[in-house]
Amino acid sequence: MHKLTRTRQAMSDLKSDFLKTVQTRGYMHQCTDLSELDKKASAGAITAYIGFDCTAPSLHVGSLLPIMMLRTLQQTGHKPIVLMGGGTTLVGDPSGKDESRQLLTEAVIQSNMDSIKKVFSKFLTFGDGPTDAVMVNNADWLKSLNYIEFLRDFGPHFTINRMLGFESVKLRLDREQPLTFLEFNYMILQAYDFLELNRRTGCMLQMGGSDQWGNIINGVELTRRVDGKETFGLTTPLLTTSSGAKMGKTAAGAVWLNEDQLSPYDYWQYWRNTEDADVGRFLRLFTELPLAEVERLEQLQGQDINEAKKVLADAATAMCHGAQAAKAAHATAQTTFEQGGLGDDLPCIDVTKAELDAGIATYLALVKVGFCASNGEARRLVKGGGARINDAPVTDDNHLVTSAALNADGVIKVSAGKKRHALIRAI
């Protein structure tokens, strides 16, 4: 077993730029043999990877921390590998889940993978250089495995006793949720990924979220037992907001990283609405602002903390969608919230003129613009006083939004609470 290092005293002696940055910005949760990894990272460029399964057309903000780790790795002189789980997605990762994932077809997985790939070019530099990022697909080796040979070669290195002790497995069993044999194999396949990448590229470090710790340790151990090679594992903390909410989820749904899944404006708004207690932490994790500036911003109090939130929103949006998109989102928010107007970048939903002439119930309008996931949720929002049409409160959920509400620009402003706004346009 590898030694875990979590003590501040040990981390204070770090020499490599990579691990010092990981420490000071709050990325580190657990690491195998931290001092030895630090020596390797100080001596020259190391290669590290993080795996991303393709269960949706886009990753969401919950995947942003691992992406920032790869970015930090590259910017401190090392080589990142983005491992796309074209093979493992066929199985499904049980980590952090209390029920089985829906099985996807190969065509859907490929479509998701093609869509997800777009995000990484925003954060990483790809190419053939010694520290350029590369993207690989584990289907290239997993789909060609001979099952009997695989069991004989690698099965003896995994015990059921130990696998049952992993948190991802215990969670499902404790809740009496089924854990299929298919999913149980996932951790073996992920361990084999590490071994294969070590053989192919000399990759010596696997990184991931804290829920991946058991899977990462399996890969470290398998590589040592089969090939006698030393490898390392590093995890990031499980991120929740100060109020306990999971990162990447809002009342309106997931906070996607792809622009075609979530507009840059909505992405900017997500960061602008950060809880006061999280501003400093998120500035460290999700921007590259100097730490001295982060410390200054997190000391702001009262209404002044909103300026720090705008800095966070600007920086995070610029990194994911570009500086122009961040500037446009900021301007739209300023026009909408501070000047009482309609910003150019507000989300806009098109409906037919005939539909508007007939009238759309307010609760349905809230669903159409994406503020509510169901009719029932929308009705509760209206009855609770949280809905407005053209800034006028609406308390009757069946109140009809009609063409008469169109303003001089040909749009209707729909609001949920004070912070969510969208437009309905007649076509």
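Below, all heavy atoms of this structure are taken into account, side chains as well, without hydrogens, waters or symmetry copies. The shown structure was predicted, so the numbers you read here are calculated from the model rather than taken from an experiment.
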(request) Give a yes or no on whether a salt bridge exists between E275 and K309, defined as a side-chain N under 4.0 angstrom from a carboxylate O. (result) no

(request) Measure the spacing between CG of D33 and NZ of K40 and express it to the nearest 0.5 Å. (result) 10.0 Å

(message) Does this structure show an ion pair linking D132 with K79, if we count only N-O contacts that are shorter than 4.0 Å?
(response) no

(request) Evaluate the criterion side-chain contact (heavy atoms from CB on, under 4.5 Å) for residue pair L37 and C31; output intermediate values, then yes/no. (result) CA-CA 9 Å; L37 177 59; C31 183; 3.8 Å; yes

(request) Test S58 against N258 for side-chain hydrogen bond (donor to acceptor under 3.5 Å, both in side chains), laying out the working first. (result) CA-CA 6 Å; S58 171; N258 281 44; 3.1 Å; yes

(request) Kindly determine whether T236 and H29 satisfy side-chain hydrogen bond (donor to acceptor under 3.5 Å, both in side chains), including the steps that lead there. (result) CA-CA 5 Å; T236 58; H29 179 60; over 6 Å; no

(request) Name the orientation class of the two ring planes belonging to F154 and F150 (parallel below 30°, tilted from 30 to 60°, perpendicular beyond 60°). (result) tilted

(request) Run the salt-bridge test on K310 and E307 with the 4.0 Å N-O cut-off and return the result as yes or no. (result) yes

(message) Check this for me, if you would: do D350 and R425 make a salt bridge, where the nitrogen-to-carboxylate-oxygen distance has to be below 4.0 angstrom?
(response) yes

(message) I need the minimum non-hydrogen distance between L34 and M28, along with the two atoms involved.
(response) CD1-CE, 3.8 Å

(request) State, with a plain yes or no, whether a side-chain heavy atom of D260 is found less than 4.5 Å away from one of K118. (result) yes

(request) Using a strict cut-off of less than 4.0 Å between a Lys/Arg side-chain nitrogen and an Asp/Glu carboxylate oxygen, indicate whether E259 and K122 qualify as a salt bridge. (result) no

(message) Among M207, M135, Q74, M69, which residue satisfies the side chain to side chain contact (heavy atoms under 4.5 Å, CB included) criterion with P80?
(response) Q74

(message) Tell me whether R224 is salt-bridged to E221, with the criterion being a basic N under 4.0 Å from an acidic carboxylate O.
(response) yes

(message) salt bridge (Lys or Arg N to Asp or Glu O under 4.0 Å), that's the test. Do K368 and E355 meet it? Break it down for me.
(response) CA-CA 13 Å; K368 275 183 178 293; E355 190 176 2; 3.2 Å; yes

(request) Could you check I216, N198, L222 and say which one makes a side chain to side chain contact (heavy atoms under 4.5 Å, CB included) with T231? (result) N198

(message) I'd like to know if the side chain of N215 and the backbone of M187 have a donor-acceptor N/O pair within less than 3.5 Å.
(response) no

(message) If you compare all heavy atoms of E295 against all heavy atoms of Q299, which two are closest, and at what distance to 0.1 Å?
(response) O-CG, 3.0 Å

(request) Decide yes or no for R281 and F286: does some side-chain heavy atom of the first lie under 4.5 Å from some side-chain heavy atom of the second? (result) no

(message) Any heavy-atom pair between the side chains of Q206 and Q190 that's under 4.5 Å?
(response) yes

(message) Do L205 and F18 make a side-chain contact, defined as non-hydrogen atoms from C-beta onward lying under 4.5 Å apart?
(response) yes

(message) One pair to check against side-chain contact (heavy atoms from CB on, under 4.5 Å): H60 and L257. What are the steps and the verdict?
(response) CA-CA 5 Å; H60 59 64; L257 300 182; 5.5 Å; no

(message) Measuring from atom CD of E288 to atom OG1 of T21, what distance do you get when rounded to the nearest 0.5 angstrom?
(response) 10.0 Å

(request) Kindly indicate whether the side chain of I217, heavy atoms from C-beta on, has any atom under 4.5 Å from the side chain of T32. (result) yes

(message) On a heavy-atom basis, which atom in I424 and which in A365 lie closest, and how many Å separate them?
(response) CD1-CB, 4.0 Å

(request) Might you work through the salt bridge (Lys or Arg N to Asp or Glu O under 4.0 Å) test for E377 and R380, ending with a clear yes or no? (result) CA-CA 5 Å; E377 180 184 343; R380 289 190 293 275; 5.5 Å; no

(message) Please determine whether side-chain hydrogen bond (donor to acceptor under 3.5 Å, both in side chains) holds for the pair N306 and Q303, giving the CA-CA distance in whole Å, both sets of side-chain angles, and the decisive distance to 0.1 Å.
(response) CA-CA 6 Å; N306 290 327; Q303 289 297 314; 3.1 Å; yes

(message) Please determine whether ring pair (Phe, Tyr, Trp, His ring centres under 6.0 Å) holds for the pair Y49 and F194, giving the CA-CA distance in whole Å, both sets of side-chain angles, and the decisive distance to 0.1 Å.
(response) CA-CA 9 Å; Y49 89 97; F194 199 176; 5.6 Å; yes

(request) Would you check, one step at a time, whether the test side-chain contact (heavy atoms from CB on, under 4.5 Å) holds for K413 with L423? (result) CA-CA 5 Å; K413 183 180 179 182; L423 304 177; 4.2 Å; yes

(request) Evaluate the criterion side-chain hydrogen bond (donor to acceptor under 3.5 Å, both in side chains) for residue pair D314 and W271; output intermediate values, then yes/no. (result) CA-CA 8 Å; D314 287 345; W271 295 107; over 6 Å; no

(message) Looking at every heavy atom in both A329 and P264, which two are closest together, and how far apart are they?
(response) CB-O, 4.1 Å

(message) Donor-acceptor pair, distance only, cut-off 3.5 Å: does the side chain of T241 make one with the backbone of A245?
(response) yes

(message) Between L124 and R71, is there a side-chain heavy-atom distance shorter than 4.5 Å?
(response) yes

(message) Please find the pair of heavy atoms, one from I116 and one from C54, that lie closest to each other, and give the distance.
(response) CD1-CA, 4.0 Å

(message) Below 30° counts as parallel, above 60° as perpendicular, anything between as tilted: where do the rings of H330 and W268 land?
(response) tilted

(message) Is any side-chain heavy atom of N112 closer than 4.5 Å to one of K117?
(response) no

(request) Would you indicate whether the side-chain heavy atoms of N218 and I188 approach each other to under 4.5 Å? (result) no

(request) Output, in order, the C-alpha distance, side-chain angles, deciding distance and verdict of side-chain contact (heavy atoms from CB on, under 4.5 Å) for V220 and F232. (result) CA-CA 6 Å; V220 170; F232 303 89; 5.7 Å; no

(request) Of all the heavy-atom pairs spanning S415 and H421, show the shortest one and how long it is. (result) OG-ND1, 2.7 Å

